[in-house]
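Read the numbers this way: they start at 1 and go in the same order the structure lists the ligands and their atoms.
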Amino acid sequence: MNAPVPNDLEAYWMGFTPNRAFKKKPRMFVAADGMYYTTHDGRQVMDGIAGLWCCNAGHNQPRIVKAVQKQVAELDYSPGFQMGHPKAFELANRLKSIMPGDLNHVFFVNSGSESVETALKIAIAYHRARGEGHRVRLIGREKGYHGVNFGGMSVGGMPANRKMFGALVTGVDHLRHTHGLEENLFTRGQPEHGVEFADDLERLCDLHDPSTIAAVIVEPIAGSAGVIMPPKGYLERLRAITKKHGILLILDEVITGFGRMGKPFASNYFDLDADIVCTAKAIANGVIPMGAVFAHDHVYDAFMQGPEELIELFHGYTYSANPVACAAALATLDTYEQDGLFL
Ligand SMILES: Cc1ncc(COP(=O)(O)O)c(C=O)c1O
């Protein structure tokens with residue numbers, strides 16, 4: 001298939017792209033099927049990273065295509081505030097059934113960045129709901145990537161993504177990253193050395209006092225500053241320290257979710273029980289923007305207090321649980337399951 005490149009490329013301001021260089025020599029995809037993209041000049045390009053780590057079942061999956069087409073014609077949109085539609089509840093139930101532990105409540109969003117903002121807001125509001133409003137600090141990690149919105153950028157640890165945007169969110173600190181130990185050179189899988197990097201959290205607790213810290217957020221495997229496996233025992237120790245100090249552990253599984261580890265989540269792979277888990281990307285196989293934040297029972301329950309007719313969390317998006325996104329996600333889960341990809 002050959003397709004013409006538009007003459008005027010100026011209007012579209014592309015993200016994370018050197019726009020002027022790109023527009024001098026554009027690279028365009030015009031179709032995708034299975035593991036391959038087709039370029040505008042008819043070449044086949046293997047999709048080695050599944051889009052942006054999001055098309056985990058490959059492109060043009062018939063179940064997803066059909067489900068989206070059907071849903072658009074049946075119920076294209078339904079407000080997510082004060083109204084529901086059945087597929088949102090069905091999807092939340094399916095998702096909770098593949099998430100380990102007691103992360104039984106699902107808040108729908110539209111991207112990884114929104115997933116992270118939602119998780120950070122829930123963490124701060126959770127402590128406030130429990131009468132611990134002094135817990136407001138957020139701890140991220142150097143080299144971490146948690147999207148591009150203000151909260152995620154602030155807890156993130158990629159200098160280029162932060163330096164142009166002012167003072168960012170206040171009250172944020174960072175653990176040291178775990179990369180670069182000489183003893184770990186040429187390691188396959190999880191490195192033997194570096195579990196003590198988790199103790200950096202104790203250092204930050206000494207500095208700030210743990211009673212001021214709301215949450216720690218990390219990617220189980222860092223995915224944007226290189227793929228950085230956690231040292232053996234590191235995540236477990238981080239979990240133990242957060243528990244000891246009453247700090248919530250948020251795992252950002254936006255990349256590691258939905259089969260990237262050969263399991264539904266890194267939480268299964270590493271046998272972790274976080275308080276909040278952020279997901280997005282492959283939840284709907286990249287077809288429709290979607291994300292889901294999983295909250296542990298104890299987190300959800302902290303909000304379900306007081307008069308029942310009052311809103312518990314003043315948060316949500318116009319497209320939270322969009323019916324077409326839900327249909328795409330349900331068909332994606334069917335595909336993962338019925339094709340034996342990891343479910
Ligand atoms: C770990 C992680 N968190 C958050 C995000 C942000 O996701 P999005 O680009 O969908 O906003 C990404 C994106 O790559 C990511 O890798």
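- The Gly147 neighbourhood of ligand 1 comprises atoms 4 (C), 5 (C), 6 (C), with distances under 4.0 Å to a heavy atom of that residue.
- Within the listing of ligand 1, atoms 1 (C), 2 (C), 3 (N), 4 (C) sit less than 4.0 angstrom from a heavy atom of Asp252.
- Close approach of ligand 1 to Ile255 (heavy-atom distance below 4.0 Å) involves ligand atoms 16 (O).
- For Tyr300, the ring-ring contact (aromatic ring centres under 6.0 Å, His included) partners at least two apart in sequence or on another chain are His105.
- Within the 4.0 Å heavy-atom shell around ligand 1 one does not find Glu253.
- Classified by interplanar angle (parallel below 30°, tilted 30° to 60°, perpendicular above 60°), the ring pair Tyr317/His315 is perpendicular.
- For ligand 1, the atoms sitting less than 4.0 Å from at least one non-hydrogen atom of Ser111 are 10 (O), 11 (O), numbered in the order shown with element in parentheses.
- Checking side-chain atoms of Thr38 against main-chain N and O of Val30 turns up no donor-acceptor pair under 3.5 Å.
- Residue, atom and distance of the protein heavy atom nearest to atom 14 (O) of ligand 1 are Lys281 NZ, 2.9 Å.
- Of the protein's non-hydrogen atoms, the one nearest atom 7 (O) of ligand 1 is Gly112 CA, 3.1 Å.
- For His208, the side chain to side chain donor-acceptor pair (under 3.5 Å) criterion is met by Arg137, Asp173, not counting sequence neighbours.
- Closest to atom 12 (C) of ligand 1 among all protein heavy atoms lies Tyr145 CE2, 3.5 Å.
- Under the 4.5 Å side-chain criterion, counting only non-hydrogen atoms from C-beta, Pro230 is in contact with Phe270.
- Aromatic pair Phe258/Phe265: ring centres closer than 6.0 Å.
- Those atoms of ligand 1 with a heavy atom of Ser113 less than 4.0 angstrom away are 6 (C), 7 (O), 8 (P), 11 (O).
- Between Lys243 and Asp273 a salt bridge is recorded (basic side-chain N to carboxylate O distance below 4.0 Å).
- Close contacts of ligand 1 with Glu219, meaning ligand atoms under 4.0 Å from a residue heavy atom, involve 1 (C).
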